[in-house]
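One structure follows; several queries about it will come next.
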Amino acid sequence: MAGKPKLHYTKGRGKMESIRWLLAAAGVEFEEEFIETKEDLEKLRNDGVLLFQQVPMVEMDGMKMVQTRAILSYIAAKYNLYGKDLKERAWIDMYVEGTTDLMGMIMYLPFQPADTKEKNLALIIERATTRYFPVYEKALKDHGQDYLVGNKLSWADVHLLEAILMVEECKPDVLSAFPLLQAFKGRISNIPTIKKFLQPGSQRKPPIDEKFVAVVRKIFNI
Amino acid sequence: MAGKPKLHYTKGRGKMESIRWLLAAAGVEFEEEFIETKEDLEKLRNDGVLLFQQVPMVEMDGMKMVQTRAILSYIAAKYNLYGKDLKERAWIDMYVEGTTDLMGMIMYLPFQPADTKEKNLALIIERATTRYFPVYEKALKDHGQNYLVGNKLSWADVHLLEAILMVEECKPDVLSAFPLLQAFKGRISNIPTIKKFLQPGSQRKPPTDEKFVAVVRKIFNI
């Protein structure tokens, strides 16, 4: 019998956080092995378990999976969070790529030069409120359903909630002009598996602080 | 009856080139509408046909698809280039993400500051020969088959050929230590649809030159 998926990454959010969210939403228990030093990462590389010498890596179903999108797509398909046909999958992919771009901006923010932070933060808020959130607000408005695609919970919904909460950490009232997204946030947050993940003590990771930025820089030599 | 897919992008490779490759490999004829000025891009945005105000955009099967990966996944699945099951799809995704990262480095090279070009080019060759090509060489060696996944042509093979040719444009003898990739290159290049795409007069785009870099900078304001 297969064991639980095992996640290899740092103790921070980074590129693994969306994977934690999706597994949690799907009700899948998982283990984590944390990379805390440069040597930990070197060991994984020397053991030959990282296909492209990079993390995230997730041991799952007999595979050592790498590449965030490949891992997420696999989990989504396996746990029926990827729509019912090719077209629904296409819409989920489009929506997820949008939230990936938005969350990517936030992920890199702490690593930007200090004198660019204010400008980059402003750009994140601008993009969130003029490029991304309007798309999801309109999608919900147009079909009037509870979920983004196919009237059923999918990866796109989980990813959007993750993105909303991340942007709110930058600007708490960022959803003020988006009533449907506010309702969406409440609804999806209340799904039992997700509600559990949002509670203290879960495997959800906190936002990155300056101290951890230094740790990450050392581990990945950046 | 549905018309041909219609691609909206500049006349250059950029993020659309992998889509051109995949459609061509699948034997799908497509039309292209080129963005030549800033005004052309503004018009698409004002017409409301770009979900996130970005290109690539591909009109296909009644959708205005955006986000490169979403478009490529859809084409791969529709034309049976995505493996036979979830695990094969996972491997194809992993391999494609690797070649995407490699080709991404090359795509951005002409847009880097001139004084970093030499260093970045060296990094591309290093990554190609120590991180990426060894993985695909080993995959072919381990199973001894003609294609990367499932003993059948897939998106992963098309994408790898595209990447190989792109790196060879940077360093013509880059495959010298990879005999199986050399054979792979010959084999996949000879597939009739791909052979046709590699001939002059096809919709394949040339490498970006300095003049075109200036055009792209103007169109996208970068």
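Residue numbers begin at 1 in each chain, while the letters A, B, ... track the order of the sequences.
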Atom CZ of Phe111(A): over 12 foreign heavy atoms under 6.0 Å
yes

Which atom names give the shortest non-hydrogen contact between Val135(A) and Leu51(B), and what distance separates them?
CG2-O, 3.1 Å

Look at Lys87(B), Met65(B), Gln53(B) and state which one has the largest set of heavy-atom pairs under 4.5 Å with chain A.
Lys87(B)

Please round to the nearest 0.5 Å and tell me the distance separating atom OG of Ser73(A) and atom CD of Glu97(B).
8.0 Å

Pick from Lys138(B), Arg127(B), Arg131(B), Lys78(B): which one has the most heavy-atom pairs with chain A under 4.5 Å?
Arg131(B)

Lys117(B) atom NZ, over 12 foreign heavy atoms within 6.0 Å
yes

Between Met63(B), Arg89(B), Gln54(B), which has the largest tally of heavy atom pairs under 4.5 Å with chain A?
Arg89(B)

If I take atom OH from residue Tyr74(B) and atom CG from residue Asp93(A), how far apart are they, to the nearest 0.5 angstrom?
12.0 Å

Check: Val96(A) and Arg69(B) side chains under 4.5 Å, non-hydrogen atoms
no

Measure the CZ-CG distance between Phe52(B) and Leu102(A) for me, rounded to the nearest 0.5 Å.
9.5 Å

Tightest non-hydrogen contact, residues Ala90(A) and Ala70(B), listed as O-CB, 4.2 Å

Is it the case that atom CZ in Phe220(B) sees more than 12 heavy atoms from other parts of the structure closer than 6.0 Å?
yes

Just do the side chain to side chain contact (heavy atoms under 4.5 Å, CB included) check on Gln67(B) and Thr100(A) with the steps written out, would you?
CA-CA 11 Å; Gln67(B) 295 290 351; Thr100(A) 296; over 6 Å; no

